[in-house]
Protein chains: 2
Amino acid sequence: MLDPVSRVRRFNRAVTSAVGALDTSFLGRGRPLGAARVLNAIGHGRSDVGEIRDYLGLDSGLMSRLLRSLEDEGLIETHAHEDDARRRVASLTRAGKREFSAYEAMSNTQAERFLARNSQREALLAAMDLIASALTRDRIALTEMDPQSDEARHCLGEYYAELGRRFKQGFDVSLSRDPDAKDMRRPQGSFIVAMSDTLPIGCVGLKGSDHGYAEIKRLWVAPSARGLGLGKRLMNAAEDAARTLGIALLRLDTNSALPEAGQLYRTTGWREIPRFNDDPYPDLFFEKQIRA
Amino acid sequence: MLDPVSRVRRFNRAVTSAVGALDTSFLGRGRPLGAARVLNAIGHGRSDVGEIRDYLGLDSGLMSRLLRSLEDEGLIETHAHEDDARRRVASLTRAGKREFSAYEAMSNTQAERFLARNSQREALLAAMDLIASALTRDRIALTEMDPQSDEARHCLGEYYAELGRRFKQGFDVSLSRDPDAKDMRRPQGSFIVAMSDTLPIGCVGLKGSDHGYAEIKRLWVAPSARGLGLGKRLMNAAEDAARTLGIALLRLDTNSALPEAGQLYRTTGWREIPRFNDDPYPDLFFEKQIRA
DNA sequence: AGCATTATCTGACTTTAGTCAGATATCGCG
DNA sequence: CGCGATATCTGACTAAAGTCAGATAATGCT
């Protein structure tokens, strides 16, 4: 049982039984699993009834009854949607929030126990990130975000750390031409984060300027998400953003110590040009004309 | 959402939905999940009705009805157990085997598709092994096996490959004092493999001799299973085997390039002794007196 | 205003899963 | 042989999940 397929199937069996255990523990709060799932979906911020139904894959009749039962328990309230009175919006009552926290606490303890029982903590977490990214690759969402949001700052931190590891001389942001956050916000520019579920796994910045071109900055993909074509998706999104901002010419700088980046640019219509700034880190410069 | 617990929970969500997808595809064969699970348990070699019931955690009434429905479909037959007519033994009919293969094919294709869709194949497999080992650590079974079984040879192959990587001068089995398989079979000795589900993840050999002592050889734990105390469990099992064989003195040789092994021996009652053989690879020698 | 579309809800089901109290047959052991 | 233990089965339930055909109400578009 050593071939790749058997290994995947062994993994499936192992997680199936672990997942089953969590479901069983959820039953411990005296509520059927279906109702518990709806309650948790609402707790995690999914308020729109239709959205919850899609997310959980429920029939509309069933969904309606589950909502009713949670309402009867006094855990949720529903209101008509502001802009469309056909739609309903659910929210937790005070009691619902308590109940939701109890489920959250169970999930958290279970996760903590798993981590505490095992000594290869960092290796396990990296393995989990990798597998989760592979499993959810079709559900990676690219979202425009503020360059100073938690998600963006996480990505940038990881990006700088990686440059520090990969450049022979290390990397110090303060020596680099660090773009101003405001140049990566509309209307000057844009900052796009790739989210897999709740985890930021990649980013790219579009930095506007008044030199007649905008720059692509801080393209980063988490190690656990490489090989999924995410770099290309981020670059496309950045180009789309540039188009909506009426920008026709893009430039970027990079370093030959990051060969996969250079490779990506060369195969997606970028053209090498002479140095156009005095940042000490980059040694490769590219330009791309985009058409609206 | 970057703290360890959130990462574990993101992983949980990702695999939950993947596992759910497989369950749904199992429904595609027009049979409720419960019946499909019983059929697959039988196909995987679990024939005893009680064993299946335990494995799947079913009530005896429910189990009985599921068996009956599979029988009505003509997929299985049940007979009284040879030695105990109260127990029943189930087996697949020809049609049952066909149906089972159809489920197997679905599981295999799903696994293959997952591997094919992702480029980091080896990294993914290693991550899956690691997580599966961590999740099933309580269910790792140590089994005495023939040193020439597939499982044993897999372990030995991995062991030699690892020595090759860790010894500065590499490792060539033919230069080492490779123990004869027959010295690691009863009644001379023993060979023990640690199985996690169907995957061999560790081994140890007990090599009998006529010098008044036996040797511990080929202690190996798969990288994905380190940190679970498996080395110690394997050593204990080998000592137990020695006791049942009436052996009172154990020796072993090892190399200082494998510090975790030396550490294990020192903390479990082994005492360093002078070189007792002319094998070119080891540079550390230990001995342990065991009491019956 | 009229009408097809959309979102949700209600009522009337069926199927699946699970529970529990006996019934039946066999076994191990004195 | 007799008796308590064990393995499975049957019947009679309940609960949960899921299905489906309308009903109701609001919306978007002409």
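Bear in mind that the values here come from a model prediction, so they are computed numbers and not experimental data. Numbered from 1 within each chain, the chains take letters A, B, ... in sequence-line order. Computed over heavy atoms, backbone and side chain alike; hydrogens, waters and symmetry mates excluded.
- In this structure, CZ of B/Arg31 is placed 12 Å from P of C/dA17, rounded to the nearest angstrom.
- What separates CD of A/Glu51 from P of C/dT8 is a distance of 11 Å, to the nearest Å.
- D/dA26 atom P lies 11 Å from atom CZ of A/Arg86, rounded to whole Å.
- Atom P of nucleotide D/dT19 and atom CG of A/Leu66 are separated by 13 Å, given to the nearest angstrom.
- Residues B/His81 and B/Arg86 fail the side-chain proximity criterion, which asks for heavy atoms closer than 4.5 Å.
- Rounding to whole angstrom units, CG of residue A/Asp83 and C1' of D/dA25 are separated by 17 Å.
- Here D/dT27 is the nucleotide among D/dT8, D/dT27, C/dT19 with the atom lying nearest to any side-chain atom of A/Ala85.
- Going from atom CG of A/Leu56 over to atom C1' of D/dG18 covers 14 Å, rounded to whole Å.
- Counting heavy atoms from C-beta outward, A/Val49 and A/Val89 have side chains that stay 4.5 Å or more apart.
- Along DNA chain D, the nucleotide nearest to A/Pro32 and the one nearest to A/Gly61 differ in position, and the one closer to the 5' end is contacted by A/Pro32.
- The closest donor-acceptor contact from the side chain of A/Thr136 to the backbone of A/Ala132 lies under 3.5 Å.
- Across C/dT10, D/dC9, D/dA7, the shortest atom-to-atom separation from the side chain of B/Arg87 is found for D/dA7.
- For A/Leu62, the listed nucleotide lying nearest its side chain is D/dT19; candidates were D/dA26, D/dT19, D/dC9.
- Annotation: side chain of B/Ile201 is not in contact with side chain of B/Met195 (no heavy-atom distance under 4.5 Å).
- Following rounding to the nearest Å, B/Leu33 (CG) and C/dA17 (P) show an atom-to-atom distance of 6 Å.
- The existence of a salt bridge linking B/Arg10 and A/Asp129 is confirmed by a sub-4.0 Å separation between a basic side-chain nitrogen and an acidic carboxylate oxygen.
- In this structure, A/Arg65 and A/Val89 both approach DNA chain C, and ranking their closest nucleotides by distance from the 5' end singles out A/Val89.
- In this structure, the CG atom of B/Asp59 is 12 Å from the P atom of D/dC9, given to the nearest Å.
- The side chain of B/Leu58 has C/dG18 as its nearest neighbour among D/dT8, D/dA7, C/dG18.
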